[in-house]
Every structure is written in structure tokens, then in C-alpha cells.
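In what follows, a structure is listed as C-alpha cells, so that the remarks can point back to it.
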Amino acid sequence: MVETFEQISPADFFYRNRDIAGFTNPTRAIFSSVRELVENALDASDLHGVPPEVYLRISQEDNGGEEGEVYILRVEDNGSGIPARHIPSAFGQVLFGSKYKLRQARGTFGLGGTMAILYGQITTHKPVYVASSTGTSRTYEYKLMIDIQRNRPIILDRKAHVNKTRWHGTVVEFRLEGDYFRAMPKILEYLKQTAVVTPYANITFVDPKGRLYRFNRVTTDMPPPPEETFPHPYGVDVETIQRLTKITDCRNMLDFMQKHFQRVSERIAHGFLENAGIGKKKNPKKLKPQEVVRLVRKMKEFKDFLPPRARCLSPLGKDLLKAGILKELKPDFIAVCRRKPSAYSGHPFIVETAIAYGGDIPKAGDIVVHRFANRIPLLYDEASDVTVRVIKSINWRTYKVSPDMPIAILVHLCSTKVPYKTVGKEFIADRPEVRREILNGIREVARRLRRFLTRKEHVERERRRLSVFSKYLPKIAEFSTELAGKKQPPDIEKLLKSVRRFE
Ligand SMILES: Nc1ncnc2c1ncn2[C@@H]1O[C@H](COP(=O)(O)OP(=O)(O)OP(=O)(O)O)[C@@H](O)[C@H]1O
Ligand SMILES: [Mg+2]
């Protein structure tokens, strides 16, 4: 038999392998769709610098008794909007996006939202409806489907309207087969945790039964937006250099090093090129293949590059993290920590950690762990995640923590390249540098929890002691008055006051 060969498009690839993008079954599919669309909505408002207003509605469609339940998913935001010419590709083409930049964002792959729409299409064969405006005088509406085999959008309808109010934002609505009621706990948990790391957002959710869930903002302060940056020399490879040499207008290596990489000053560029044995005057466009390979190797070995700059990151900051936790978990005690910027393989990252005790935190029989990456809550594959492994490796008795306590730990990793293990963004790989920062961050907040627990223990001991005194002292006074043959018992208030040190 003769083998036949064929090529498939990226959309076709993800259609065949939807599990790797988090669309395994109807339960996961509806959860992932909500997540991807809410993520896009929040990214768009963060980018626009306006506190997000996200409206999410899931309603059930009567599918005439056919098997499988069909839901209509609608997400509205007040974000940047999408320029009309990009709308079809943004929603009808896999691996198309505006976030392939060295700047922190929730989205990275150019896949999530489109994948949700693709899943909707293959389960219901209905188009997606998109309305968007960037705040100009026009609003655009589209009805789209995806040509999966060619990875192209099919425009079924397009309308332009006058935008009197200069509204900016996006509305996406599509149908998909799903199992909402099984996915419900995860969807609610996802929204709650999103509210923790986005305390400046208003999120409204109407579920298929018409129930309303509101997550209200407690602040309008937003973390400073991240800046776009250049690659760090430790994070590049041969392909990156080759692409840069094609687009550069630098005529010599000394300029090339300074212009296209972050944290390379003239002095460092001199030192590096000398060390690498590459001519400072050499034209980067004339680098031979073996010279490019040597350049990359030497870049990784050179010790004097400064660590990557963290301005491309946008951590939440202590105050916002605290506000988010207080708002959703209402704990009795909270400690937060923001670690200094660090880097793995040339990618900058910042870890933020928090520990909370009491309030609405359940006594789950173990520590409750909330994991976040670039302000996205990660809810699946917990056991494989680096944070969970780090927490398991800690001897919690040294921090006076026992499993029956209501304790929650939150770890937020911000990076231009979160080391996700899958495109479904479920868990973070175990990189030694990341692990170390997470461990140190957790230790720092755990030490503060220990101080709180020690004080609490002390207060409780005193209270017990006091209740013994106040129970028996009046009786002792009464008996001793009788024994002494006196009528007036002594004043015990003074004595009680002196032992009430901790009240
Ligand atoms: N609500 C929205 N507002 C503005 N732009 C949007 C919105 N939703 C999607 N987009 C645009 O569509 C592009 C594709 O979205 P999609 O979710 O498929 O990928 P992504 O967000 O770039 O990456 P990821 O796969 O990690 O989600 C985005 O990069 C963005 O430019
Ligand atoms: Mg996305």
C-alpha cells in the first residue's frame, strides 16, 4: 500500500487535538470557554487602562429534544475593542493575536478565545456573533464561522453602526454544547478567584437559571500597565538572532547589541563582544551561521549581563492583593509578600504570595491553595503544579500550622513567559528559579502567620486562666468570709483586674 501525505492547518490541528487546549468534554469545554472569554475581556480593559466591567451570561437553548445540551455564552466588556479589519481573524483564525509581545498579559498563544468558538462551531454548527468598537464613530457587528481546514474566518454578515456614545469594548456571543451544571462549581470558583486577583473589576454573571452573581470592585486603582521590552541576551536562540539581523538597521555589532537587547549598555556590549571574539565593527547582516551559533552560546555564558528588567511585568502589588483577599475571603489574619524581580532563562518574573487565616476560608482538612499566573486563576491539575509541590515540601509544624486550620495560601506568578506545561494554561512547570522564589515567598508569609498563631495561642491560654479565676474566686471569697466569721466579703474586683492582662 502507498502511504498518502497531507498537510493540515493549525485550526485543523487543534480541532483534532482539542484536549491539549482544555476542551476535553462538555464540562471542561464550557468551563474553558468562560475562562478564555473572561480572560480576553479583562486583558482588553487592562490594556485600555479602564477598570473592567465584565458581563457574562450563560443561557440554555431549547434544542428540540436533541441529545446534548446547548448553551448560549455571551461576554461583554468595556475594553479596548478590536479594529474592524482584525475582528474576523481575531475570532476566526487560530494562532492570530495581538499578544505575541514581550509584555505581561493573560493571553499568550493566540488560541484560547478562538478555540472556544471553534468548539462551539463543531458542536452546534452555528456562527459566532461579535460586536466591537475602539471608541471611534463606528461600531461593527460580525457573524463569523471558521473554515477549519484552511484556518480562515468566513464572514457571513457584517454591519457598521453609528457610535454616538463612543462606546468602546467587545461583545462575543456563541452557542456550544456543554454540561453547565457539572461545570458550575468550577465556573463560580473561577470567577471568585478572578475577583481576588482583580479587585478593581466589576464582574456580573447570570447563570442559566437566571441567578445573578456580582463580584464588585473595591478599588479603582489598577496596577501600572506593563511596558513592552526587548529580549534579554540570556533568553535568545539562533532563530531570534537571525530574525533580528534581517530587520536591523544597525551597521555594526556594537550598536546591534545595545539596540535589540535589554540591559546592554555600551560598556557591557564592548566587554561581551571582546569576550565572544566577535568584531565590534562587524556588520550584523554579514554574520555567518557558525558565528550566530557562537554568539548565542557566548551570550548564555557571559556573566556580566544585568538581570532582565521587570518593567514588562505588572504584578498586583501588596495593597491590591490584600484588598482582593479581604473582599472575597474575609480572613481574620492576612500577610502578603512581593518578591524582587528574578529571571529564568532570560525571562523576567515576579512572585507574589499571601497567606490568610480564618473568615470564610473553609477548614478543608488541608491548606487551601489558590494559584495564579498573570492574574489568571489556575484550577486544574493542581498536583502537578510547582506551587503545590513547594507547599508539600514545607514542614508546616514549624509554623504552628495544623491541617485542621482554616488557612489559604495564594501564589501569583507574573512573567512575560509563564512556564505553562500546556496551552490550556493549567499548571506551571517546576523551574528551579521559580520554585526558589515561590518557596521564599511562602516562607516569608508563613513566618508572619506563625507570629499571629503564637499570639492567638497565648491569648487563648490567658482567657482560659481568667475564666478559672473568675469562676472560683467569688466562691473562695465567700467561704473565707464565712470561715473568718466576717460578714462583708473582700473586694475581689481588684484581684480579677490584675489577672486580666490580656483582655
Ligand atoms: N474582548 C476582547 N477585546 C479586545 N481584543 C480581543 C478580545 N477578545 C479577543 N481579542 C483579540 O483577539 C486575539 C485572539 O484572542 P485569543 O483568545 O484567541 O488569543 P490570545 O488571547 O492572544 O492568547 P491565548 O490563547 O493565550 O488566549 C487577542 O490577541 C486579541 O487581540
Ligand atoms: Mg485569550
Side-chain angles (χ1 to χ4, degrees), residues 10-11 13-15 17-18 20-23 31-50 52-57 73-121 128-136 139-142 144 146 148 151-153 167-174 190 194 198 201 203 225-226 228 373-378 415-426 428:
F13 173 79
F14 284 105
Y15 157 64
N17 301 289
R18 38 192 182 275
I20 53 178
F23 290 79
F31 169 80
S32 296
S33 300
V34 166
R35 205 189 93 157
E36 296 294 351
L37 262 56
V38 169
E39 227 177 87
N40 284 350
L42 292 171
D43 263 345
S45 4
D46 278 2
L47 184 73
H48 206 67
V50 289
E53 293 281 347
V54 178
Y55 172 79
L56 161 69
R57 192 186 71 202
L73 183 61
R74 183 183 177 94
V75 178
E76 298 178 11
D77 68 60
N78 61 337
S80 56
I82 311 163
R85 64 183 186 286
H86 293 314
I87 294 177
S89 294
F91 295 99
Q93 190 173 344
V94 162
L95 307 187
F96 177 93
S98 57
K99 303 174 196 166
Y100 299 120
K101 292 182 177 137
L102 281 181
R103 180 176 68 180
Q104 178 186 326
R106 293 174 183 80
T108 39
F109 302 115
L111 177 69
T114 321
M115 194 61 209
I117 291 163
L118 188 149
Y119 184 86
Q121 176 174 323
V128 55
Y129 164 85
V130 182
S132 189
S133 178
T134 51
T136 56
T139 305
Y140 295 90
E141 273 187 335
Y142 279 86
L144 304 165
I146 306 172
I148 297 177
N151 192 25
R152 286 271 173 277
W167 167 77
H168 56 85
T170 304
V171 178
V172 183
E173 183 177 302
F174 69 100
Y190 171 76
T194 300
T198 331
I203 303 173
E228 199 182 329
N374 288 357
R375 290 186 226 153
I376 306 177
L378 309 178
S415 180
T416 40
K417 188 163 182 357
V418 174
Y420 290 120
K421 276 268 180 88
T422 66
V423 286
K425 301 180 192 156
E426 302 299 358
I428 297 171

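Because the structure is a prediction, the values reported are computed rather than measured. Counting starts at 1 for both ligands and their atoms, following the listed order.
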Item checked: ligand 1 versus D77: contacting region, heavy-atom distance under 4.0 Å ->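 The part of D77 near ligand 1 is the side chain, not the backbone.
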
For ligand 1 and [X], I'd like to know whether there is a polar contact (N/O to N/O, distance under 3.5 Å).
{"X": "N40", "answer": "yes"}
{"X": "G107", "answer": "no"}
{"X": "I82", "answer": "no"}

Check: Aromatic rings H48 and H168: how do their planes relate, parallel, tilted or perpendicular, breaks at 30° and 60°?
Finding: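 Judged by the thresholds at 30° and 60°, the geometry between H48 and H168 is tilted.
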
Notebook entry, point to check: Any non-hydrogen atom of F96 lying under 4.0 Å from ligand 1?
Noted result: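 True for this residue.
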
Next item on the list: Consider ligand 1: state whether an atom of it lies below 4.0 angstrom from any non-hydrogen atom of K425.
Entry: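 Contact check K425 vs ligand 1: positive.
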
Ligand-side contact atoms (ligand 1) for residue partner [X], heavy atom cut-off under 4.0 Å:
{"X": "L111", "value": "16 (P), 18 (O), 19 (O), 23 (O), 24 (P), 25 (O)"}
{"X": "T114", "value": "18 (O)"}
{"X": "G110", "value": "18 (O), 19 (O), 20 (P), 22 (O), 23 (O), 24 (P), 25 (O)"}
{"X": "G113", "value": "16 (P), 17 (O), 18 (O)"}
{"X": "G97", "value": "13 (C), 29 (O)"}
{"X": "E36", "value": "27 (O)"}
{"X": "T108", "value": "23 (O), 24 (P), 26 (O)"}

Provide the closest heavy-atom pair for [X] versus [Y] in the form atom of the first, atom of the second, distance.
{"X": "P88", "Y": "P153", "value": "O-CB, 3.4 Å"}
{"X": "L111", "Y": "A21", "value": "CD2-CB, 4.2 Å"}
{"X": "L378", "Y": "E426", "value": "CB-O, 3.4 Å"}
{"X": "L42", "Y": "A201", "value": "CD2-CB, 4.3 Å"}

Starting from [atom], what is the nearest protein heavy atom, named by residue and atom, and what distance separates them?
{"atom": "atom 21 (O) of ligand 1", "result": "K99 NZ, 2.8 Å"}
{"atom": "atom 30 (C) of ligand 1", "result": "S98 OG, 3.5 Å"}
{"atom": "atom 3 (N) of ligand 1", "result": "A44 CB, 3.2 Å"}

[Y] backbone acceptor or donor facing [X] side chain under 3.5 Å:
{"X": "D43", "Y": "A105", "value": "no"}
{"X": "Y100", "Y": "F109", "value": "yes"}
{"X": "S32", "Y": "G22", "value": "yes"}

Next item on the list: Closest by any non-hydrogen atom to atom 11 (C) of ligand 1: pick that one out of G424, G81, A90.
Entry: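 Residue with the shortest heavy-atom distance to the ligand atom: A90.
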
Notebook entry, point to check: If you count the non-hydrogen atoms of other residues, nucleotides and ligands that lie under 6.0 Å from OH in Y15, is the total more than 12?
Noted result: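 Result for OH/Y15: open.
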
Next item on the list: Identify which one of T114, L118, T170, I146 satisfies the side chain to side chain contact (heavy atoms under 4.5 Å, CB included) criterion when paired with F91.
Entry: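 Single side chain to side chain contact (heavy atoms under 4.5 Å, CB included) partner of F91 among T114, L118, T170, I146: T170.
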
Next item on the list: Could you point out which residue of P52, P225, S80, P226 forms a side chain to side chain contact (heavy atoms under 4.5 Å, CB included) with D46?
Entry: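 Looking at P52, P225, S80, P226, the match for D46 under the side chain to side chain contact (heavy atoms under 4.5 Å, CB included) is P52.
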
